[in-house]
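First comes the structure, then the notes that go with it.
Because only heavy atoms are used, hydrogens play no part in the values below, and waters and symmetry mates are left out as well, while side chains stay in.
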Amino acid sequence: MSRRLAEVAKKAGVSEATVSRVLNGKPGVAEGTRAAILTALDVLGYERPTQLRGERARLIGLVLPELQNPIFPALAEVVGGALAQRGFTPVLCTRTAGGLSEADYVEMLLEQQVSGVVFAGGHYAEADAPHQHYLKLLELRLPVVLVNAAAEHLDFPRVSTDDAVAVEQAFGHLAALGHERIGLILGPADHMPSRRKQAAFETAAAKSGLAFEADWIERAMFSLEGGQAAASRLIARGITGIVCGSDLIALGAVRAARRAGLRVPDQISVVGYDDSSLMSCTDPPLSTVRQPIEAMGRAAVAMLVGQIEGATVTADELLFEPELVVRGSTGPAPAQAAAAGASSAAARG
């Protein structure tokens, strides 16, 4: 018992006597101090005394699909910082092969009496994935916020990048550079943001008046290898510009172009999505559509805390405007590039 008191006191930054008063339900402890002690108890994994178990901990679950994609650590940093400013402690949960499932993490978080959960890139974005754990959270009325598009029947507050605008920006950029055969690489067929991107791409292609064929759209896992395989198929069909559903897919597309003996951007252009860290340092630096992660993360926390504090929070989706960032992986279509080179040579002559 004395060891537990010492550990909790150190974690909360208070005396052991103050911890003892809270655990024994005695008055005379400030509410902020009391909350810090209960949070320390939960973080350290100690079971609360029976009389304190009905209270929610000042813990927030942050459930991510992975940490290999740099966009997710970036989001975790924003959300974690915003939560800390409001006196909450994030509990990071990431899925790994052979590890805990998303449903397992939800059960664990409920056992920890978390005050709410932020999900990003989870099964809610996959129409065919199991959603029972989300339905349970809806029934429990636990505060939840989802980052980016979700299946329609999951009525949680959401903050999302406007996928339609993102695709319009990327397609318009390539079309303006003279590309007439523009392909698209997306995630799996049941992935909701990918469905939105496909609809926007088809609309943009129709409005542009450019030729378009159904097999100019490919699907892949969100990985460098998946992007490489899908891009290889598009390159074989004569595509000169590729819009990608993530930066990792785009880097795979650049690799596929090089394996095919093509120069980027002289012979083929590639646009990513996310603007995750180090994309300005790749070879060539990647043109991409930037998700406003800072604004979205802070909005997600504000919506979650609003629910926790009993405020009315709309279940409508908040759409955030993306930004096209043009770097070195996009250039004029091959025919235009050749014409420009010939013109320049004639001028020098």
Side-chain angles (χ1 to χ4, degrees), residues 39 43 57-95 102 105-106 109 114-126 134 137 142-150 154-166 169 187 191-193 196-197 222 245-248 272-280 288-309 311-325:
T39 297
V43 169
R58 291 185 71 80
L59 301 176
I60 300 295
L62 175 55
V63 184
L64 305 175
E66 56 166 318
L67 294 178
Q68 290 183 337
N69 186 335
I71 201 68
F72 293 117
L75 177 66
E77 183 176 1
V78 173
V79 170
L83 287 170
Q85 290 175 354
R86 294 172 179 261
F88 291 92
T89 300
V91 179
L92 183 61
C93 305
T94 56
R95 302 201 309 266
E102 196 174 78
Y105 276 126
V106 167
L109 292 170
V114 295
S115 295
V117 186
V118 176
F119 290 92
H123 290 319
Y124 62 86
E126 303 164 4
Y134 297 115
L137 293 174
L142 187 75
V144 169
V145 175
L146 309 179
V147 179
N148 283 328
L154 297 175
D155 195 24
F156 292 111
R158 287 159 289 162
V159 296
S160 303
T161 302
D162 194 324
D163 291 309
V165 171
Q169 290 177 345
H191 185 242
M192 299 306 295
R196 291 183 175 187
K197 288 183 176 71
F222 286 101
S246 78
D247 288 341
L248 288 180
Y273 180 82
D274 283 337
D275 195 29
S276 44
S277 62
L278 305 181
M279 290 306 105
S280 62
T288 187
V289 179
R290 177 181 296 159
Q291 290 203 72
I293 291 299
E294 179 79 24
M296 291 170 61
R298 291 193 172 277
V301 170
M303 294 172 74
L304 189 77
V305 173
Q307 294 177 72
I308 292 169
E309 295 177 347
T312 301
V313 176
T314 178
D316 293 339
E317 184 176 23
L318 298 184
L319 292 177
F320 286 75
E321 190 87 357
E323 176 187 359
L324 177 68
V325 181

Using a 4.5 Å cut-off on heavy atoms from C-beta on, say whether the side chain of [Y] contacts that of [X].
{"X": "C93", "Y": "L109", "value": "yes"}
{"X": "L142", "Y": "V114", "value": "yes"}
{"X": "R298", "Y": "Q85", "value": "yes"}
{"X": "L318", "Y": "M303", "value": "yes"}
{"X": "Q307", "Y": "V145", "value": "yes"}

Stepwise side-chain contact (heavy atoms from CB on, under 4.5 Å) test for F156 and V117: CA-CA 11 Å; F156 292 111; V117 186; over 6 Å; no
Does the [X] side chain pair with the main chain of [Y], one donor and one acceptor, at a distance under 3.5 Å?
{"X": "D163", "Y": "R196", "result": "no"}
{"X": "D162", "Y": "E321", "result": "no"}
{"X": "Y124", "Y": "V147", "result": "yes"}
{"X": "D247", "Y": "Y273", "result": "yes"}
{"X": "R95", "Y": "V63", "result": "no"}

If I compare all heavy atoms of [X] with all of [Y], which pair ends up nearest, and what's the gap?
{"X": "L67", "Y": "P73", "answer": "O-CG, 3.5 Å"}
{"X": "A120", "Y": "P65", "answer": "O-CD, 3.0 Å"}
{"X": "L64", "Y": "A76", "answer": "CD1-CB, 4.0 Å"}
{"X": "Q169", "Y": "P322", "answer": "NE2-O, 3.3 Å"}
{"X": "F222", "Y": "G245", "answer": "CE2-O, 3.8 Å"}
{"X": "Y134", "Y": "L154", "answer": "CB-CD2, 3.7 Å"}

Would you give the length of the straight line joining atom [atom1] of [X] to atom [atom2] of [Y], rounded to the nearest 0.5 angstrom?
{"X": "I71", "Y": "D274", "atom1": "CD1", "atom2": "CG", "value": "4.5 Å"}
{"X": "L92", "Y": "Y105", "atom1": "CG", "atom2": "OH", "value": "8.0 Å"}
{"X": "T89", "Y": "L83", "atom1": "OG1", "atom2": "CG", "value": "8.5 Å"}
{"X": "M296", "Y": "R158", "atom1": "CE", "atom2": "CZ", "value": "12.0 Å"}
{"X": "E102", "Y": "F119", "atom1": "CD", "atom2": "CZ", "value": "5.5 Å"}
{"X": "N148", "Y": "Q291", "atom1": "CG", "atom2": "CD", "value": "5.0 Å"}

Other residues, nucleotides, ligands: >12 heavy atoms within 6.0 Å of E323 CD: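 Counting neighbours around CD of E323, more than 12 heavy atoms of other residues, nucleotides or ligands fall under 6.0 Å, so yes.
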Verdict with reasoning, F72 to T94, per side-chain contact (heavy atoms from CB on, under 4.5 Å): CA-CA 10 Å; F72 293 117; T94 56; over 6 Å; no
From CA spacing to verdict: side-chain contact (heavy atoms from CB on, under 4.5 Å), I308, F88: CA-CA 11 Å; I308 292 169; F88 291 92; 4.0 Å; yes
